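Data first, discussion second: the structure below is written as structure tokens.
As the structure is a computational prediction, the values presented were derived from the model and not from experiment. In this chain, residues are counted from 1 in sequence order.
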Amino acid sequence: MSWLLIGLTLVVGLALVLRWRRPAWYWLAFGAVFAIIRIRIRYAEVMTACQLTVPASRLRLRVARWMKREIPRQRTPRLIRVTPMRTGVRLRIKMRPGQDAFEFAAASDRLRHSFAVHQVTSRELKPGTVEITMTGYDVLDHVRMPRAKADTLKVPVALREDGRVHFRDYREVPHSVTVGATQSGKSVYQRTVIKELAAQRVALVGIDCKKGVELGPFARRFSALADSPDDAADLLEALVSRMEGIYDVIRREQRISADTPTAEIAANIWDLPEHLRPVPVVLTIDEIAELAMSTKRNDPRRERIIRALVRLAQLGRGAGIFLDIYGQRFGSELGDGITMLRAQLSGRVVHRVNDESTAKMAFGDISPHAVFAATQIPNERRGMAVVGYSTGKWVRVRGPHTTMRQAVTACNKHAHLTPDIPELARFKPVLEAAPGKAPTTVKPVAEAA
């Protein structure tokens with residue numbers, strides 16, 4: 001008996017230590033089992049308490065009256081499957097007639113308390129079936145990115161609150177804006193994106209009007225870099241000229257004729273043959289306010305910048321030009337044309353903000369719930385953000401802590417992948433050499449013609 005008590009004490013002690021120091025190990029060893037047992041036992045009771053049931057059918061009521069039996073109780077949605085995961089439990093539920101997926105999404109907070117889990121999210125898989133993901137612990141407390149396979153212009157940049165990996169997919173969301181207050185983790189998120197893109201065959205172009213202090217260290221991997229508003233205006237117009245040239249190539253290669261299959265008709269760079277396909281360009285703008293704000297009325301330089309940005313946002317996707325814009329605020333106070341530009345940016349990422357109006361600038365046309373979630377990010381959660389999409393969906397994410405040294409090392413390692421773009425040749429950064437040595441440049445990879 002004493003040995004049994006000692007063994008039980010050791011198991012309980014181990015569980016407590018794991019829950020404190022290694023929550024993921026605790027969940028895999030103990031938490032998932034307890035959660036599945038709790039769900040199986042409480043399922044019908046919780047569905048009734050959360051008002052996720054429907055009355056019995058008229059046929060069953062008539063049969064019960066005819067047989068003089070007890071009136072059937074409320075019918076609960078059918079639990080199809082319970083699947084344990086590395087970070088939680090996933091439920092697949094078959095809804096009853098008359099139910100919709102919004103009811104389960106609205107009851108997510110009540111389900112969280114009822115099943116004693118950290119987070120509950122719901123999504124519709126197909127008509128009549130919903131998937132509820134229950135996270136057993138706070139996966140955003142200490143971000144540990146699982147292995148995720150990157151693809152062309154699709155890179156893993158953060159961890160979602162349900163334990164999945166959040167990708168920055170430029171093919172699906174070509175342009176995005178990232179806002180956040182000082183010390184909110186915005187720059188770290190930017191480093192992560194650049195670090196992941198550095199290993200791909202894409203051209204990185206940057207505009208950093210803070211004398212290049214943010215993007216300058218990555219110069220070995222950048223095909224072009226502007227560190228002043230004047231250079232930025234010229235660089236943007238050069239990108240517009242490149243875009244127009246690419247559309248001329250696409251127009252020549254469309255091959256529209258009666259005997260040409262539809263799949264071979266080119267409408268963007270991805271439909272072009274490999275030898276004609278230009279390299280994609282990702283433009284990173286570190287602080288949009290430095291470009292958009294001007295002390296002069298009707299400043300011609302500002303008009304050039306905004307006009308070029310709007311054109312790139314409207315037409316750049318088909319030519320393989322993608323925008324990543326960063327700033328502390330992105331509202332109409334930056335001047336004319338800003339709201340038109342913001343309307344073209346499908347991806348919205350908001351880190352901690354100092355006021356509600358800043359969150360409304362990004363999420364006001366997406367979801368009021370996303371606005372509230374962005375204003376609730378605590379100060380100690382640097383790197384935590386809310387990602388919203390034009391469809392109205394949103395999710396909390398938190399990126400890994402990518403240091404400047406890690407990002408610079410990745411850019412230096414893949415410097416040989418830097419393509420040579422003739423239109424942007426005069427903006428290619430010149431690398432500073434050690435004292436007593438001449439400046440050097442990295443030999444770029446020639447772009448496909």
Task: Nearest heavy atoms of M95 and A101, plus distance in Å - done: SD-N, 3.8 Å
TODO: Say whether, by atom type as modelled, one donor and one acceptor occur between the side chain of Q99 and the main chain of L52 under 3.5 angstrom.
DONE: yes
- [ ] Indicate the ring-plane relationship of F222 and F218, choosing parallel, tilted or perpendicular according to the 30° and 60° boundaries.
- [x] parallel
Open item on the list: Between D109 and R112 (side chain of the first, backbone of the second, donor and acceptor by atom type, cut-off under 3.5 Å), is there such a pair?
Closed with: no
- [ ] Verify the distance criterion only: is there a donor paired with an acceptor across the side chains of S228 and D230 at less than 3.5 Å?
- [x] no
Task: Minimal non-hydrogen separation, A224 against L235, with atom names - done: CB-CD1, 4.0 Å
Open item on the list: Check the orientation of Y189 and H351. Use parallel for under 30°, tilted for 30 to 60°, and perpendicular for over 60°.
Closed with: perpendicular
Task: Which residues share a side-chain contact (heavy atoms from CB on, under 4.5 Å) with A343, sequence neighbours left out - done: none
Open item on the list: If we ignore hydrogens and angles and just use 3.5 Å, is the side chain of S223 paired with the main-chain N or O of P419 as donor and acceptor?
Closed with: yes
TODO: Measure from the side-chain N and O atoms of R398 to the backbone N and O of L140, and report whether any donor-acceptor pair falls under 3.5 Å.
DONE: yes
- [ ] Look only at the side chain of D208 and the backbone of L215, and say whether a donor-acceptor pair between them is shorter than 3.5 Å.
- [x] yes
Task: Donor-acceptor contact below 3.5 Å, side chain R396 vs main chain M384 - done: no
TODO: Show your reasoning for whether salt bridge (Lys or Arg N to Asp or Glu O under 4.0 Å) applies to R304 and D234.
DONE: CA-CA 9 Å; R304 291 170 54 201; D234 295 337; 2.7 Å; yes
Open item on the list: One pair to check against salt bridge (Lys or Arg N to Asp or Glu O under 4.0 Å): D162 and R123. What are the steps and the verdict?
Closed with: CA-CA 12 Å; D162 58 2; R123 68 187 183 103; over 6 Å; no
Open item on the list: Donor-acceptor check, side chain of R348 to backbone of G388, threshold 3.5 angstrom: yes or no?
Closed with: no
TODO: Tell me, please, whether Y326 has K186 positioned over its six-membered ring: NZ or CZ under 6.0 Å from the ring centre and within 45 degrees of its axis?
DONE: no
- [ ] For the pair R352 (side chain) and E380 (backbone), establish whether a donor and an acceptor sit closer than 3.5 Å, ignoring hydrogens and angles.
- [x] no
Open item on the list: Would the distance check show the side chain of H166 and the main-chain N or O of V397 forming a donor-acceptor pair, the cut-off being under 3.5 Å?
Closed with: no
Task: Heavy atoms of other groups near H113 NE2, more than 12 under 6.0 Å - done: yes
Open item on the list: For Q190, run the side-chain hydrogen bond (donor to acceptor under 3.5 Å, both in side chains) check against D286, T178, T284 and tell me which one passes.
Closed with: D286
Open item on the list: Taking NZ in K393 as the centre, count heavy atoms belonging to other residues, nucleotides or ligands within less than 6.0 Å. Is the count above 12?
Closed with: no
Task: R171 vs D151, salt bridge (Lys or Arg N to Asp or Glu O under 4.0 Å): CA-CA, chis, key distance, verdict - done: CA-CA 10 Å; R171 301 283 293 272; D151 202 355; over 6 Å; no
Open item on the list: Between R251 and D248 (salt bridge meaning N to carboxylate O under 4.0 Å), is one present in this structure?
Closed with: no
- [ ] Begin with the C-alpha distance, continue with both residues' side-chain angles, and end with the deciding distance and a verdict on salt bridge (Lys or Arg N to Asp or Glu O under 4.0 Å) for E244 and R311.
- [x] CA-CA 11 Å; E244 294 173 348; R311 292 198 64 190; 3.2 Å; yes
Open item on the list: Is it the case that the side chain of S241 and the backbone of E237 share a donor-acceptor pair, with hydrogens and angles ignored and the cut-off at 3.5 Å?
Closed with: yes
